[in-house]
Amino acid sequence: MPATQASDVRHAIERSTNLQKTMANGIVRDVLLTERTPHGIALAISIGIMIGILPKANLVVALFVLLLFVMRCNLIGGLISILVATLCAPNFDGFLHAIGKSVLTFPWFQGIYRMLFSLPLIPWTGLDNTVVVGGTIIGILQFFPTYLLVRRLGENQLVSWQMTHEDPVPE
Amino acid sequence: MKLLKYRIMLLGLASGFLLLATNSFIRRSIVESSQAVTGTSFDIARIRTNWRTARIELSGVQAADPARSDRNLFEADRVVLDVNPSALLRRRFLVERSQVQGIRVGTPRSAPPDTHTKTKNDTATKLSRGFADRGMQWFDILVNEIGRGKSLSLESVSQSQAMCDKWPEQCRELIAESATLQAQLATMEQEIRQAGDNPLRNLNPYQSAATTLDEISKQIIEIRGEIDRQQQQLLLDQEQVCTTIRNEKVQLTTECQLPNLDGEALGKYLLADEVAGQVDSIVEWLRWGRQFIPALYEHAVPGSNRGQNVIFAGCRPQPDILVKTLVLSGGGGNAGEKFTIEGTLTNLSNRPAINNLPTELVVQTTGAVQTAIHAVMDARGEAPKDRIFINCPRWIQAERQWGNPEQLAFIASGGESKVSILIDIQNNSQLKGEVVIRQGTIMVTPRLNDRISVQPLPTLLSEACKKINHLDVTVKLSGSLDFPKWELRSNFGNELAQHLQQTFQDALTQQRLASVDRDQQEAQVAVDALVAQISTQHATIAKQLDDGSDQLQSIHDHIAERVRQNDGVVQPDSPLREVYRR
């Protein structure tokens with residue numbers, strides 16, 4: 001093979017590799033690493049915990065994941081909180097099961113449940129499962145306290161950052 | 001806005017990837033659930049999902065045979081499942097009608113070797129082991145009896161031998177005594193002759209001769225008496241041998257009875273392995289089914305790995321997966337002949353215990369093998385009930401071997417058989433059933449191990465086997481799936497036992513009688529010869545005694561004559577008397 005052709009091939013491979021790196025950097029920077037504000041991080045962590053504590057194969061989780069993606073929140077924070085919550089969640093299954101069971105077996109709601117579960121797609125939500133229901137309730141209940149707590153912590157961190165650095169925090 | 005666009009794109013990509021992976025996911029789910037249920041390797045070559053028509057098509061489906069890893073239990077070219085979309089939206093996999101095309105049974109396995117199959121307990125040998133020894137005992141006895149017939153010890157032969165030992169000895173003694181007497185007579189005669197004619201000159205020899213004459217005369221009388229006694233004893237001994245020979249014949253005819261061969265035990269011994277294999281295979285399949293799908297027979301609503309699925313008040317639990325009708329079609333081969341399979345499987349679900357209707361399988365094969373299978377698996381209620389009926393009016397049996405080739409085995413010819421199986425399983429695992437096998441024409445050839453192949457055993461066995469022309473086997477099943485019991489009844493064992501008993505009995509009696517006749521004849525001839533010989537010798541001795549008596553008389557007369565001459569000399573009016581008087 002002539003030297004010029006070999007050089008062209010090498011350049012083409014380098015260009016392709018650079019393009020892939022640029023795209024990956026772009027996705028990481030523009031999709032995952034955005035919204036690094038206290039609000040974005042707090043929102044991501046709150047939604048991530050909601051997703052993490054739930055069993056995964058159901059529509060509720062799919063809806064929460066969609067929520068995570070469409071909300072202006074920090075995806076990396078959300079994914080890390082999902083991972084951590086998923087690892088910890090089985091330890092609380094007994095608690096979640098107890099809450100879910102008490103809700104699902106509550107006599108007054110039986111008619112509503114029956115009607116709901118006769119509708120299409122509702123059975124795919126898995127809301128007849130005690131841990132899903134318990135996890136959803138706990139997830140919703142923890143949402144605002146977690147959001148507020150993480151946001152407050154983030155803001156405090158931001159103030160201390162601004163006090164020690166002259167440059168503003170990059171957006 | 002740009003951020004949202006990127007994220008929606010990422011989510012879309014992820015969803016697209018998931019959609020593309022659906023086929024792999026469905027394939028893996030089906031393979032894993034099938035392997036969990038069947039306990040054997042399950043392979044699907046290709047899967048195609050059409051979301052618009054809610055149709056799933058599987059092709060190249062293979063399920064490994066748990067008994068043989070290199071063969072398939074069944075293979076299907078194509079499985080088409082038309083899923084009810086409305087039910088699918090309600091998280092139920094409901095298939096109203098589906099088709100399995102190109103079913104083939106017992107094909108060589110083209111997929112990787114089976115690694116999933118759980119080992120089945122081989123209870124066939126366990127079930128049949130008890131029969132083996134009982135059946136073989138009879139043959140051991142038979143071989144012993146035939147061997148014994150060749151070296152039978154007879155009383156008549158012993159008596160004859162004893163006579164042959166005793167009588168010549170006794171006769172020799174008589175001959176010796178007779179010879180001694182003759183020698184004495186000869187000596188005496190010589191002494192008398194030497195003494196001269198005048199007894200007055202040699203008085204002593206005459207005196208001693210007179211004394212000896214009396215003794216010899218007495219001895220001759222004694223020897224004669226002994227000869228008479230021996231003659232009578234000899235005849236008595238001869239008569240006794242004859243009587244013993246007659247008694248022995250009677251005794252042998254009654255004694256030479258083989259122990260009764262238990263036909264049932266023989267049938268079990270010979271057929272146990274074959275039938276146990278089939279029965280055990282059926283039981284093993286049933287047990288295997290119950291072992292690997294116990295959850296199907298449970299009424300509790302299953303939960304996921306986490307939590308519990310709640311059935312709301314007023315709702316009835318339903319199986320997640322339900323195939324209402326599965327149409328089966330295909331073919332297979334048995335002993336090189338092809339047959340076609342047609343059938344339907346209805347109400348197949350992952351939770352038959354909570355299904356409205358029992359699972360039912362109806363299969364009909366046509367062609368070389370005509371079989372009807374009707375299986376009802378009713379897992380509803382407290383005690384699940386399974387009922388399986390298999391009727392095969394034309395099953396091509398291959399040639400097979402019964403018994404132990406190390407001892408005695410029978411080669412049964414192949415041919416058309418009728419097989420009928422009815423099995424009920426109640427109260428979880430209580431087994432009740434019947435297996436009937438009938439082979440209209442059969443030819444049985446015995447095969448004996450060289451160790452016991454003693455003529456005429458092989459010939460007799462062949463003769464007995466020729467009389468059996470059909471095979472009827474009935475197996476009654478009872479007990480439980482874990483501890484099945486079965487009772488085997490067959491015409492084969494009874495008929496073979498009957499023919500063997502008769503043939504062997506006749507042969508053994510003939511062999512014994514021939515052997516005894518030969519020995520007795522020899523004994524009789526020996527005794528007759530002995531009697532003739534002894535009689536001749538007695539006659540000879542008697543003749544010698546007669547001669548001796550004559551000689552004795554002659555000596556006596558001679559002495560008497562000489563003594564009378566002396567008396568004449570000394571008579572009252574003789575001159576010698578006058579001389580003595582003076």
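Every chain is numbered from 1, with letters handed out A, B, ... down the list of sequences.
- Other residues, nucleotides and ligands place more than 12 heavy atoms under 6.0 Å from the NZ atom of A:Lys56.
- Considering all non-hydrogen atoms of both residues, A:Trp124 and B:Leu89 come closest at CD1-O, 3.2 Å.
- For the pair B:Phe312/A:Leu104, a side-chain contact is recorded, criterion being any heavy-atom separation below 4.5 Å from C-beta on.
- For A:Leu116, no part lies under 4.5 angstrom from a heavy atom of chain B.
- Proximity of B:Arg91 to A:Asn58: side-chain heavy atoms (C-beta onward) are nowhere separated by under 4.5 Å.
- Contacts of A:Ala89 with chain B are made by both backbone and side-chain atoms, with heavy-atom separations under 4.5 Å.
- Within the 4.5 angstrom heavy-atom criterion, only backbone atoms of A:Ser118 (N, CA, C, O) approach chain B.
- Annotation: A:Phe106, atom CZ; neighbour count of heavy atoms from other residues, nucleotides and ligands within 6.0 Å is above 12.
- In this structure, the portion of A:Asp93 lying under 4.5 Å from any heavy atom of chain B is its side chain and not its backbone.
- For a residue to count as touching a neighbouring chain, one of its non-hydrogen atoms must lie under 4.5 Å from one of that chain's; by this rule A:Leu66 touches chain B with backbone and side chain alike.
- When all heavy atoms of B:Arg306 and A:Asn129 are compared, the pair lying nearest together is O-ND2, 3.1 Å.
- Formation of a donor-acceptor pair under 3.5 Å by the A:Thr130 side chain with backbone atoms of B:Gln308 is found in this model.
- Of the atoms belonging to A:Leu68, it is backbone heavy atoms, and not side-chain ones, that fall under 4.5 Å from chain B.
- Here the straight-line distance linking atom CD1 of B:Ile311 with atom CZ of A:Arg114 works out to 12.5 Å at 0.5 Å rounding.
- Crowding of B:Arg387 atom CZ: a count of heavy atoms from other residues, nucleotides or ligands under 6.0 Å not exceeding 12.
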